[in-house]
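What follows is a short report on a single structure.
Since the model is a prediction, treat every value here as computed from it, not as a measurement.
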Amino acid sequence: MSVTALAPLTDLRVNGERLWRSLMELAKIGATKKGGVCRLALTDLDRQGRDYFVSQAKAAGCTIRIDAVGNIFARRAGRNNHLPAVMTGSHIDTQPTGGKFDGNYGVLAGIEVLHTLNDAGIETEAPLEVVVWTNEEGSRFVPVMMGSGAFIGEFETDFILAQKDRDGISVGEALKSIGYHGQDRIDPKNIGAYFEAHIEQGPVLEANDITIGVVTGALGQRWFDVVITGSEAHAGPTPMALRQDALLAASHMIQLVNQTALDHAPNARGTVGMLDNYPNSRNVIPGTVKMSVDFRADSDDILTRMVENLHAKAQEIAKQGKVKIDITQVVYFPPQAFAKELVNAVRHGAKNIGLSEMNVVSGAGHDAVYLARVAPTAMIFVPCKDGISHNEIEDAKPEHLEAGCNVLLHAMLERAGT
Ligand code: HGY
Ligand code: MN
Ligand code: MN
Ligand code: MN
């Protein structure tokens with residue numbers, strides 16, 4: 001982008017209290033007894049959260065556009081609106097036992113940047129956009145990072161609208177029911193830069209007493225649905241040798257997923273997060289088990305080797321248990337490095353503000369992973385308490401959230417020009 005970025009207004013700072021207040025306001029929508037948030041994608045609670053974001057964005061002087069998969073683009077005009085927008089954002093859908101900050105922080109930090117610029121009467125050369133991406137979590141609907149993936153063309157819109165949750169409700173039906181099935185077409189090639197602020201969701205920053213994580217990239221991920229088919233039978237008369245016990249086979253698969261990750265240490269991850277046992281009756285030998293597999297690694301080759309091992313060993317488990325094991329891939333994206341020029345802008349931004357910083361690799365997936373395929377992209381991490389996330393006790397310090405938002409402000413200003 002050929003904008004001569006003037007020296008950013010280095011003493012400009014966001015209003016940390018206003019940011020914290022907005023986070024606590026949003027956290028009320030889907031608040032759980034343990035202090036977390038359950039706001040699953042495209043539920044009525046997600047609608048309420050979206051409505052809150054739109055009201056905040058409009059109050060900050062933005063125009064709103066919504067695309068066909070419900071991504072919300074809040075746009076603050078610049079002097080030259082033909083320039084590609086400088087974009088930030090994240091997600092407001094949460095895990096069932098989610099926290100106040102995962103995703104929500106990146107969205108409201110973007111709004112806080114706009115409020116700060118408005119208060120200071122600053123007009124940027126390029127327009128700015130704050131985005132809420134649909135269904136980043138992949139908890140109710142797969143694939144994960146659904147909205148940003150559709151936006152950059154990783155998924156066809158019709159494919160996404162047809163995806164169903166466990167109750168058979170499609171994304172298209174859910175979007176219509178919450179009134180966020182948009183028609184606007186936003187060009188993914190017209191983005192000058194994308195920044196995403198996020199809590200680290202791991203222990204590294206806190207353990208090193210560092211305020212800003214300069215995110216150099218994110219692990220690759222491959223998710224699978226596994227269906228194990230045995231045969232229901234009576235738990236009493238059926239001798240052990242004659243059983244086709246799907247849950248016993250699942251127990252071996254769980255061990256296999258765990259061991260495969262351990263065998264590819266130190267940056268490989270393997271998790272079975274979801275398991276449905278059928279018929280789930282005390283005195284019936286389980287006939288069917290449906291389970292998830294979440295593999296992650298910092299190299300595509302390692303991911304490939306982990307998956308090959310999974311398939312090979314699963315067939316041995318199937319043979320031994322006289323069951324059938326079907327493995328279907330539902331998510332795949334390779335490890336993603338972020339743009340050096342933007343990663344450096346985040347680092348310099350932190351240093352200019354006098355904040356401690358260090359390089360980190362994200363173990364979590366983020367919408368930034370897909371945006372990095374169409375625009376220069378970088379992420380800003382801040383610590384979270386005990387590195388815990390995807391847990392209702394997720395917590396973060398107001399001063400860290402404010403610091404990350406200041407880095408976001410200056411990184412966006414530098415890119416957009418004033
Ligand atoms: O699974 C992830 O990495 C993200 O939280 N969706
Ligand atoms: Mn997140
Ligand atoms: Mn998450
Ligand atoms: Mn995520």
Open item on the list: Contact between Lys58 and Ile64 at the side-chain level, heavy atoms closer than 4.5 Å - yes or no?
Closed with: yes
Open item on the list: Looking at Gly149, is its backbone amide N or carbonyl O close enough to the side chain of Arg373 to form a donor-acceptor pair, meaning the two atoms are under 3.5 Å apart?
Closed with: no
Open item on the list: Aromatic contact between Phe381 and His366, with the criterion being ring centroids under 6.0 Å apart: yes or no?
Closed with: yes
Task: Carboxylate-amine/guanidinium proximity below 4.0 Å for Glu402 and Arg13 - done: no
Open item on the list: Quick check: do Glu25 and Leu108 have side-chain heavy atoms less than 4.5 Å from each other?
Closed with: no
- [ ] Would you mind reporting whether Val382 and Lys397 have side-chain heavy atoms less than 4.5 Å apart?
- [x] no
Task: Where Lys100 and Gly35 come nearest, the two heavy atoms and their spacing - done: NZ-O, 2.8 Å
- [ ] Classify the ring geometry between Phe155 and Tyr370 as parallel (under 30°), tilted (30 to 60°) or perpendicular (over 60°).
- [x] perpendicular
- [ ] Side-chain contact test, heavy atoms from C-beta onward, threshold under 4.5 Å: evaluate it for Leu409 versus Leu117 and give yes or no.
- [x] yes
- [ ] Please step through side chain to side chain contact (heavy atoms under 4.5 Å, CB included) for the pair Ile199 and Ser389, ending with a clear verdict.
- [x] CA-CA 9 Å; Ile199 53 169; Ser389 181; 4.1 Å; yes
TODO: Output, in order, the C-alpha distance, side-chain angles, deciding distance and verdict of side chain to side chain donor-acceptor pair (under 3.5 Å) for Thr304 and Glu308.
DONE: CA-CA 6 Å; Thr304 304; Glu308 285 166 353; 6.0 Å; no
Task: CD1-CZ distance between Ile92 and Phe53, expressed to the nearest 0.5 angstrom - done: 8.0 Å
TODO: Can you see which heavy atom on Arg75 is nearest to which on Pro127, and at what distance?
DONE: NH2-CG, 3.2 Å
Open item on the list: A side-chain contact here means heavy atoms from C-beta on lying under 4.5 Å apart; do Asp367 and Tyr194 qualify?
Closed with: yes
Task: Donor-acceptor contact below 3.5 Å, side chain Asp93 vs main chain Glu137 - done: yes
- [ ] Pick out which of Ile285, Asp245, Val284 makes a side chain to side chain contact (heavy atoms under 4.5 Å, CB included) with Glu232.
- [x] Val284
TODO: Looking only at non-hydrogen atoms, find the nearest pair between Thr211 and Ala403 and report the distance.
DONE: CG2-CB, 3.7 Å
Task: Side-chain donor or acceptor of Thr94 paired with backbone N/O of Val37 under 3.5 Å - done: yes
Open item on the list: Between Asn81 (side chain only) and Gly78 (backbone N and O only), is there a donor and an acceptor less than 3.5 Å apart?
Closed with: yes
Open item on the list: When you measure from the side chain of Asp167 to the backbone of Ile169, do you find a donor-acceptor pair of N or O atoms at a distance under 3.5 Å?
Closed with: no
Open item on the list: Is it the case that the side chain of Ser292 and the backbone of Gly273 share a donor-acceptor pair, with hydrogens and angles ignored and the cut-off at 3.5 Å?
Closed with: yes
Open item on the list: Can you tell me how far apart CG (Asp102) and CD (Glu200) are? Round to the nearest 0.5 Å.
Closed with: 12.5 Å
Open item on the list: Tell me whether the rings of His311 and Phe224 are parallel (<30°), tilted (30 to 60°) or perpendicular (>60°).
Closed with: perpendicular
Open item on the list: Within the structure provided, determine whether Leu40 and Pro96 are in side-chain contact (heavy-atom separation under 4.5 Å).
Closed with: yes
Task: Salt-bridge contact Arg50-Asp46 (side-chain N to carboxylate O under 4.0 Å) - done: yes
Open item on the list: Test your reading of the model: is there a side-chain donor-acceptor pair from Gln163 to the backbone of Phe141, 3.5 Å cut-off?
Closed with: no
Open item on the list: If you apply the rule side chain to side chain contact (heavy atoms under 4.5 Å, CB included), what do you find for Phe73 with Cys62, and how did you get there?
Closed with: CA-CA 9 Å; Phe73 299 79; Cys62 293; over 6 Å; no
TODO: Apply side chain to side chain donor-acceptor pair (under 3.5 Å) to Asn71 and Trp133, showing your working.
DONE: CA-CA 5 Å; Asn71 295 317; Trp133 300 108; over 6 Å; no
TODO: Might you point out which heavy atoms bring Pro84 and Ala126 nearest each other, and give the distance in Å?
DONE: O-CB, 3.7 Å
Open item on the list: When you compare the side chain of Gln95 with that of Glu394, does any pair of heavy atoms fall below 4.5 Å?
Closed with: no
Open item on the list: Pair Arg47, Asp51 - check salt bridge (Lys or Arg N to Asp or Glu O under 4.0 Å), show working.
Closed with: CA-CA 6 Å; Arg47 175 190 63 76; Asp51 291 352; 2.8 Å; yes
Open item on the list: Check Glu341 with Arg415, please: is the shortest side-chain N to carboxylate O separation under 4.0 Å?
Closed with: yes
- [ ] Indicate yes or no for a side-chain donor-acceptor contact from Asp276 to the backbone of Lys290 under 3.5 Å, with no hydrogens or angles considered.
- [x] no
Task: Sidechain-backbone polar pair: Thr134 side chain, Gly70 backbone, donor-acceptor under 3.5 Å - done: yes
Open item on the list: For the aromatic rings, using the six-membered ring if either is Trp, is the centroid distance between Tyr105 and Trp20 under 6.0 Å?
Closed with: no
TODO: Can you measure from CD (Gln329) to CG (Leu310) and round to the nearest 0.5 angstrom?
DONE: 10.5 Å
TODO: Take Arg39 and Asn104 through the side chain to side chain contact (heavy atoms under 4.5 Å, CB included) test and state the conclusion after the steps.
DONE: CA-CA 11 Å; Arg39 189 186 313 130; Asn104 300 303; 2.9 Å; yes
Task: Side chain proximity check, Leu303 to Phe295, heavy atoms < 4.5 angstrom - done: yes
Open item on the list: With rounding to the nearest 0.5 angstrom, report the CD1 to OG1 distance, Ile380 to Thr88.
Closed with: 7.0 Å
Task: Closest non-hydrogen atom pair, Glu206 against Cys384 - done: OE2-O, 3.8 Å
Task: side chain to side chain contact (heavy atoms under 4.5 Å, CB included) assessment of His198 paired with Val215 - done: CA-CA 10 Å; His198 207 288; Val215 190; over 6 Å; no
Open item on the list: Can you tell me how far apart CG (Leu355) and CD1 (Ile353) are? Round to the nearest 0.5 Å.
Closed with: 5.5 Å
Open item on the list: With a 3.5 Å distance limit and no angle check, can you tell me whether Gln244 reaches the backbone of Lys322 through a side-chain donor-acceptor pair?
Closed with: yes
